[in-house]
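In what follows, a structure is listed as C-alpha cells, so that the remarks can point back to it.
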Amino acid sequence: MKNKNVTFLTQAAMIAAIYVVLTYVFAPFSFGEIQIRISEALTILPLFTPAAVPGLFIGCLIGNILGGAILPDIVFGSAATLIGALVTYSLRDKKPVLGPIPPIAANTVIVPFILRFGYGVNLPIPFMMLTVAIGEVISCGILGMILYTALSRYQRLIFKEAV
C-alpha cells in the first residue's frame, strides 16, 4: 500500500514538474489570445495513470503563477485543465483515442472568458474560442497523440500501477 502511494505521488510530482518546465520554457507561446501551450500535450497522460490528474492540475497552477497570470486565470485556467484531465481519465478504458477532446473542449470554453473578463481582451468570444481551440488541437490533439503513441509502447515500463 505504501509503495503505491509513493508511486502515485512521484508520478504526479514528475508530471507537474514537466508541465511547469514546458509552460515556462515555451512561455512566449503559452499565454495570450493565440496560444499553443506545448505542456498541454501532457493532458493525454491520464490515459496511462491516475496520478496525471493532480499532476496536470498542480503543474498548470504553478505554471500559471510563474507565468505571471492573474488570479482568475490561475484559478479557472487550472480548473479547465483539471476538468479535461478528469474526463480524459474516465475515457482510459473505453475510447482512449478520444483522450485529447476533453482538454480541448474545457479550454475552448473557459479560456476565452478569462481572456475577455480577466485580461480585458477586446475580441469576440467566438473568435477567441476558435483561436484557443486551434492551439489546443495542435498541443493536445496532435502533440498529445504523438506522445500517446510513443508512450503506449512502453506503458508498463514507464507507468507502474499508482493506485
Side-chain angles (χ1 to χ4, degrees), residues 1-31 35-69 71-111 114 132-163:
M1 179 79 145
K2 192 174 186 179
N3 244 0
K4 289 185 180 187
N5 289 338
V6 170
T7 300
F8 183 90
L9 288 172
T10 303
Q11 287 178 358
M14 289 173 54
I15 291 167
I18 294 167
Y19 190 102
V20 169
V21 168
L22 289 173
T23 300
Y24 194 73
V25 167
F26 294 104
F29 312 116
S30 297
F31 299 95
Q35 56 180 266
I36 300 172
R37 190 174 275 204
I38 304 299
S39 52
E40 285 286 295
L42 301 176
T43 59
I44 203 72
L45 295 179
L47 295 174
F48 296 102
T49 176
V53 174
L56 290 167
F57 173 68
I58 292 167
C60 184
L61 189 74
I62 295 170
N64 284 343
I65 292 168
L66 292 177
L71 186 59
D73 194 0
I74 293 167
V75 172
F76 295 108
S78 301
T81 298
L82 178 60
I83 292 165
L86 285 167
V87 179
T88 297
Y89 179 71
S90 74
L91 296 172
R92 74 194 177 285
D93 295 327
K94 300 168 194 137
K95 299 271 187 193
V97 73
L98 299 178
I101 293 175
I104 292 170
N107 283 288
T108 297
V109 171
I110 294 171
V111 171
I114 297 168
V132 170
I134 290 169
E136 288 293 308
V137 165
I138 292 168
S139 58
C140 299
I142 296 170
L143 297 176
M145 287 311 287
I146 290 169
L147 181 61
Y148 176 80
T149 302
L151 292 176
S152 291
R153 293 181 177 172
Y154 306 102
Q155 176 175 347
R156 294 184 208 288
L157 180 64
I158 298 171
F159 298 103
K160 293 179 182 177
E161 189 60 37
V163 174

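These numbers come from a predicted model, not from an experiment.
- Minimum heavy-atom separation, P46 to Y89: O-CD1, 3.3 Å.
- To the nearest 0.5 angstrom, I134 atom CD1 is 11.5 Å from I104 atom CD1.
- Considering CG of L22 and OG of S139, their distance stands at 11.0 Å, rounded to 0.5 Å.
- The CZ atom of R37 lies 6.5 Å from the OG1 atom of T81; values are rounded to the nearest 0.5 Å.
- Side chain of R153 to backbone of A150: no donor-acceptor contact under 3.5 angstrom is found.
- Distance check: Y19 OH to L61 CG gives 10.5 Å after rounding to the nearest 0.5 Å.
- Smallest separation of non-hydrogen atoms from A69 and I74: O-CD1, 3.4 Å.
- Contact check for L45 versus L151: side-chain heavy atoms found under the 4.5 Å cut-off.
- C60 and G77 make their closest contact through SG-O, 3.9 Å (heavy atoms, listed as atom of the first residue, atom of the second, distance).
- Residues P96 and Y148 share a closest heavy-atom pair of CB-OH, 3.5 Å.
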| task | Start with the C-alpha distance between L91 and I101, add both sets of side-chain angles, then the distance that settles side-chain contact (heavy atoms from CB on, under 4.5 Å), and finish with yes or no. | result | CA-CA 10 Å; L91 296 172; I101 293 175; 6.0 Å; no
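- The CD1 atom of I18 sits 10.0 Å away from the CG atom of L56 when rounded to the nearest 0.5 Å.
- Across every non-hydrogen atom of L147 and A41, the tightest pair is CD2-O, 3.7 Å.
- G84 and A106 get closest at one heavy-atom pair: N-CB, 4.2 Å.
- Side chain of T88 to main chain of A85: no donor-acceptor pair is present (N/O by atom type, distance under 3.5 Å, no hydrogens or angles).
- Here the CD1 atom belonging to I83 is positioned 10.0 Å from the CZ atom belonging to F76, to the nearest 0.5 angstrom.
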